[in-house]
Amino acid sequence: LVTIRNGLPDAAPVRQKDSLVLRLGFLATTVLWKGVTLLPELVRRTADLPLEWHLFGSPLPETVPFVEKLTLASNVYFHGRVPLEEALSHTDVLLHFSQALDPYPTVLLEAARAGLPAIATCTGGSPEIVSEGITGLLVPSNDIHATEMAIRHLVQEPHTRRAMGEAARMRFESEFRVERMVADYFTFWNGLRSTQP
């Protein structure tokens, strides 16, 4: 077996805001299995922390009640559907809470490219993109307590958070750029050609 990871074209990383308030970005308000159902309880449990929750996307009927409930909190902001660069400019830490198999979450690559750490559930391809404790934090699916603790850790450790963002950007440059993907495909195809009679 040969693994060739999808890559993305390069883009300039966003500049993390130097602020006492940590901005959490959630870009998946469209379907329930992306984890929007976890957010109301997480917002409640972390009400004592200096946090802003920034939600993005186009909710479908099944997720609208959760988004409406969330926006009742004074520190939750719903931006709707906006360009990716704008969404990431409102984000210090990306949240990715897929509850079902998510084979290769592109949003985690986009966060790494932007130099942002992530908190992600360790399902599907997330552990392939997020290096636990290095470029972000991985939590068990549907584990509210573990997710809360991960958020608290990054609030209390700004230096760790910034180091994770820098490490995510470096890993993107070495492993997830489109040039790396193209080179891997050529290596694979040339290998096939050299083994034919």
For [X] and [Y], which heavy atoms make the closest approach, and how far apart are they?
X	Y	answer
Gly115	Pro13	N-CB, 4.2 Å
Phe176	Glu128	CZ-O, 3.8 Å
Phe26	Leu95	CD1-O, 3.7 Å
Gly7	Met181	N-SD, 3.3 Å
Gly125	Pro105	C-CD, 3.9 Å

Give a yes or no on whether the backbone of [Y] and the side-chain of [X] come within a donor-acceptor separation of less than 3.5 Å.
X	Y	result
Thr71	Val67	yes
Thr135	Ser131	yes
Arg23	Glu52	no
Ser141	Thr121	no
Asn75	Leu51	yes

Are [X] and [Y] joined in one hydrophobic group, where the rule is that I, L, V, M, F, W and Y side chains link up if heavy atoms are under 4.5 Å apart?
X	Y	result
Ile4	Val178	yes
Val139	Leu101	no
Ile144	Leu49	yes
Phe97	Tyr77	no
Val43	Leu72	no

Got a second to check how far [X]'s [atom1] is from [Y]'s [atom2], nearest 0.5 Å?
X	Y	atom1	atom2	value
Asp184	Asn6	CG	CG	11.0 Å
Asn190	Phe188	CG	CZ	11.0 Å
Glu110	Glu85	CD	CD	8.5 Å
His153	Thr160	NE2	OG1	5.0 Å
Leu154	Leu137	CG	CG	5.0 Å

Q.
The test is side chain to side chain contact (heavy atoms under 4.5 Å, CB included); show your working for Gln99 and Thr123 and say whether it passes.
A. CA-CA 7 Å; Gln99 307 301 298; Thr123 58; over 6 Å; no
Given side chains that start at C-beta, do those of [X] and [Y] come closer than 4.5 Å, heavy atoms only?
X	Y	result
Leu108	Val130	yes
His145	Arg45	yes
Arg177	Leu8	no
Pro59	Phe78	yes
Arg161	Met164	no
Leu84	Arg113	yes

Quiz: residues 27-40 side-chain donor-acceptor pairs under 3.5 angstrom, not counting sequence neighbours:
unit_1, atom_1, unit_2, atom_2, d
Thr29, OG1, Phe56, O, 3.0
Lys34, NZ, Asp102, OD2, 2.9

Between [Y] and [X], is the closest basic N to carboxylate O distance under 4.0 Å?
X	Y	answer
Glu173	Arg169	yes
Arg152	Glu148	yes
Glu41	Arg44	yes

Q) How is the hydrophobic cluster of Leu20 composed, in terms of its other members, when Ile, Leu, Val, Met, Phe, Trp and Tyr link through side-chain heavy atoms under 4.5 Å apart, directly or indirectly? A) none
Q: Under the side chain to side chain contact (heavy atoms under 4.5 Å, CB included) rule, what do His90 and Val82 come out as? Steps first, then yes or no, please.
A: CA-CA 11 Å; His90 288 284; Val82 301; over 6 Å; no
Q | Listed partners of Glu175 passing side-chain contact (heavy atoms from CB on, under 4.5 Å), at least two apart | A | Arg5, Arg171, Arg180
Q. Going through the checks in order, is the side chain to side chain contact (heavy atoms under 4.5 Å, CB included) test met by Ile119 and His96?
A. CA-CA 6 Å; Ile119 299 174; His96 181 75; over 6 Å; no
Q) Are more than 12 heavy atoms from other residues, nucleotides or ligands located less than 6.0 Å from atom CE of Met149? A) yes
